[in-house]
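One-based numbering, in listed order, for ligands and for the atoms of each. For the numbers below, each heavy atom of this structure counts, side chains included, while hydrogens, waters and symmetry mates do not.
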Amino acid sequence: MSDETTLYRTATRTHTCGELRAADEGGDVVLCGWVDRRRDQGGILFVDLRDRYGRVQIVVSVDDSPEAHATSEGLSLEDVVRVEGRVRLRPEGTRNPKLGTGDVEVVVKGISILGKSDPIPFEVSATASSEVGLETRLRHRVVDLRRPLVQERFLIRHKVTSACRRALERHDFVDIETPTLTRSTPEGARDFVVPNRRQPGTFYALPQSPQLFKQLLMVAGFDRYFQVVKCFRDEDMRADRQPEFTQLDMEMAFVEAQDVQNVVEDLLADVFRATRGVEIERPFRRLPYAEAMSRYGSDKPDLRFGLEIQEVSAIVARSGFGVFTGTIERGGIVGAIRIEGGAKQFTRKDLDKLPEVVKDAGAKGVAWAKVEAGPAEAPDEGGKITGPLNKHVTGEVRKELLEAVGAGTGDLVLFIADQTSTAQNALGVLRNHLGEKLELIDPDALAFCWVVDFPLFEVFEDDDGQPQHAPMHHPFTMPVDEDIPLLAEERWSTLENKGVIRAKAYDVVLNGMELGGGSIRIHDRELQARIFSLLGISDELAEDKFGFLLRAFRYGAPPHGGIALGIDRLVQLVLKLKSIQDVIAFPKTHGGSCLLTGAPAEIDGTQLTELALKIQAPPAREKEA
Ligand code: ASP
């Protein structure tokens, strides 16, 4: 670390707190750092000095330097001090092999306090064991960020972004900034808006993504663009969302999906090599959306474990189980998950809890069958089962069913029956729950995949039961070539047929989390106009909102595509952390506030007047963490 070229040596210090070793014995040094710990042994004070690079022990003795000793007696934890002294080997038996600097200590000749600390709200030292609540940590984020464990996360975050940048530079990407004060970019969330003082009544929108600008940069001929960029989405916050977040945003000209995916795989390989020191397996598996949904019940499947979903509608349609046959008659499906050896593992109480697990996904229940004897062992009955299906799924149908899901003696089979998307989602939730409960997930595993061929349109019913359409990705996404003629048909516009028109859209998924998503874009004005019209965006509205993009397409637009990766999420996965707040230096609470600065806050009357704004209702004040 004491590399001459790194300029650790400054006018104020000769070394950092992490670099002294036995070989430095006898050297005169000047160190600066925070008081991490201090122990008074009557006449001799031991102080651990800490900075970003590590921790070193300094010794102040009243006999050697009475003045320094007097100053040190007044030291508090987290005071910033400058120490002059000489390095000596620690006496045998007092060395600390766990500490980089553990062979040495610095005998102090002089000490000065550069920055005094008030009593600290919680201990910073890595040796401190007490748990600190999130609210306290965020309120005192500066002290929190000083904790070595917390600081380490941001050093890793830096490694992630710098590995991304290096990889992209290697592939000739250009870093170009796009505006933050701009117009709405549709990514499916609400905009944060900024009032404009110069033209009262007009507003900028903060970008939900730089989508349109990066497409313009392709039309402008930059060929490959990237940016580590803040994006803003005003969403009701779920546990793991932040109103502002960082994306690695990229765009490339003259590419197909595969080319964008190659770059991303190369970049992610660098990231995991630089941070975790592992080689990830490439190429990533590709899963069409329809397959991801039918086999894993999710468009971000966790591939670290099996428990695949199997559709058994065709078989159970012939059973006497009304719940199943009724659902199928109404156009729904029945899906099953087999748990090997699950019959013993799951008590009646466990099974009774399962409906609660899938409730939020909209499923009404979970049916189950414990296989007492597989079809091979009890051929006359087609297998012996217990549970609600026992009476109604019998004989040949039972045999076929158990064989289809591969269930033998001792297994448990769980079923969900519902409309296709509800059933799939619920089975996906159930599958993830089972993966965790049965401890099938290796926390060190890295299971990447690409989910491809997303439906172009999201179809949902409005309050009157009428189908409504929204882009599944965003309205600039290119349909799969052979599906373009289908745009002329009405078929795609129903709920159950939403996947008929596929998009050249892809998500990169890691361990059941979406790391990022992108697509090949429409670069043809006519097709873009047609998609807008199918989405119910009138010509006038399209012109008003996206006219600048459509006009740019008139002057020679290359085919292009790109992707954006969520940096916060990526760092979270690299570090295997549960909360996204842990990887953002100054995060917001789930309620969207910054406990450090008190944002968001009211603005004063003068500002309101300048902006020609009037507050209609006093802001509701909620206390939240
Ligand atoms: N703009 C998209 C997003 O932010 C990413 C992309 O299509 O490149 O999700």
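- Not a single N or O atom of Ser519, backbone or side chain, sits closer than 3.5 Å to an N or O atom of ligand 1.
- Numbered from 1 in the order shown, with element, the atoms of ligand 1 that lie under 4.0 Å from a heavy atom of Ile563 read 8 (O).
- Within the 4.0 Å heavy-atom criterion, the part of Arg233 lying near ligand 1 is the side chain and not the backbone.
- When only non-hydrogen protein atoms are considered, atom 5 (C) of ligand 1 lies nearest to Gly517 O, 3.3 Å.
- Judged by distance alone, the side chain of Tyr506 and the main-chain N or O of Ser519 form a donor-acceptor pair under 3.5 Å.
- Within the 4.0 Å heavy-atom criterion, neither part of Gln215 lies near ligand 1.
- The residue from Arg170, Arg276, Arg282, Arg166 that alone fulfils the salt bridge (Lys or Arg N to Asp or Glu O under 4.0 Å) condition with Asp270 is Arg170.
- Asp249 places no side-chain N or O within 3.5 Å of a backbone atom of Gln211 that could act as its donor or acceptor partner.
- Atoms of ligand 1 found under 4.0 Å from any heavy atom of Ser209, numbered from 1 in the order shown, are 1 (N), 4 (O).
- Inclusion of Glu251 in the set of residues having an N or O under 3.5 Å from an N or O of ligand 1 is not warranted.
- Closest of all the heavy-atom pairs between Glu514 and Asp507 is CD-OD2, 3.6 Å.
- With hydrogens and angles ignored, the 3.5 Å screen pairs a side-chain donor or acceptor of Gln227 with a backbone N or O of Thr178.
- Between the side chain of Lys159 and the main chain of Val271, no donor-acceptor pair closer than 3.5 Å is present.
- Under the 3.5 Å distance criterion, the side-chain polar atoms of Arg224 are left unmatched by any main-chain donor or acceptor of Leu168.
- Under a 3.5 Å cut-off, the side chain of Glu265 and the backbone N or O of Phe284 do form a donor-acceptor pair.
- In terms of protein heavy-atom proximity, atom 7 (O) of ligand 1 is closest to Arg521 NH1, 2.7 Å.
- Shown in contact with Gln247 at under 4.0 Å from a heavy atom are these atoms of ligand 1, numbered in order with element: 3 (C), 4 (O).
- Taking the six-membered ring for Trp and thresholds of 30 and 60 degrees, Phe546 and Phe532 have nearly parallel ring planes, at less than 30 degrees apart.
- Using a 4.0 angstrom heavy-atom cutoff, Met250 does not count as in contact with ligand 1.
- Without hydrogens or angle criteria, Gln528 side chain to Pro475 main chain gives a donor-acceptor distance under 3.5 Å.
- Heavy atoms from both the backbone and the side chain of Ala564 come within less than 4.0 Å of ligand 1.
- Residue-level proximity to ligand 1 for Gln208 is absent, since no heavy atom of it falls below 4.0 angstrom.
- Here the heavy atom of the protein found nearest to atom 2 (C) of ligand 1 is Glu187 OE2, 3.4 Å.
- Numbered from 1 in the order shown, with element, the atoms of ligand 1 that lie under 4.0 Å from a heavy atom of Lys214 read 6 (C), 8 (O).
- Atoms of ligand 1 found under 4.0 Å from any heavy atom of Gly518 (numbered from 1 in listed order, with element): 6 (C), 7 (O).
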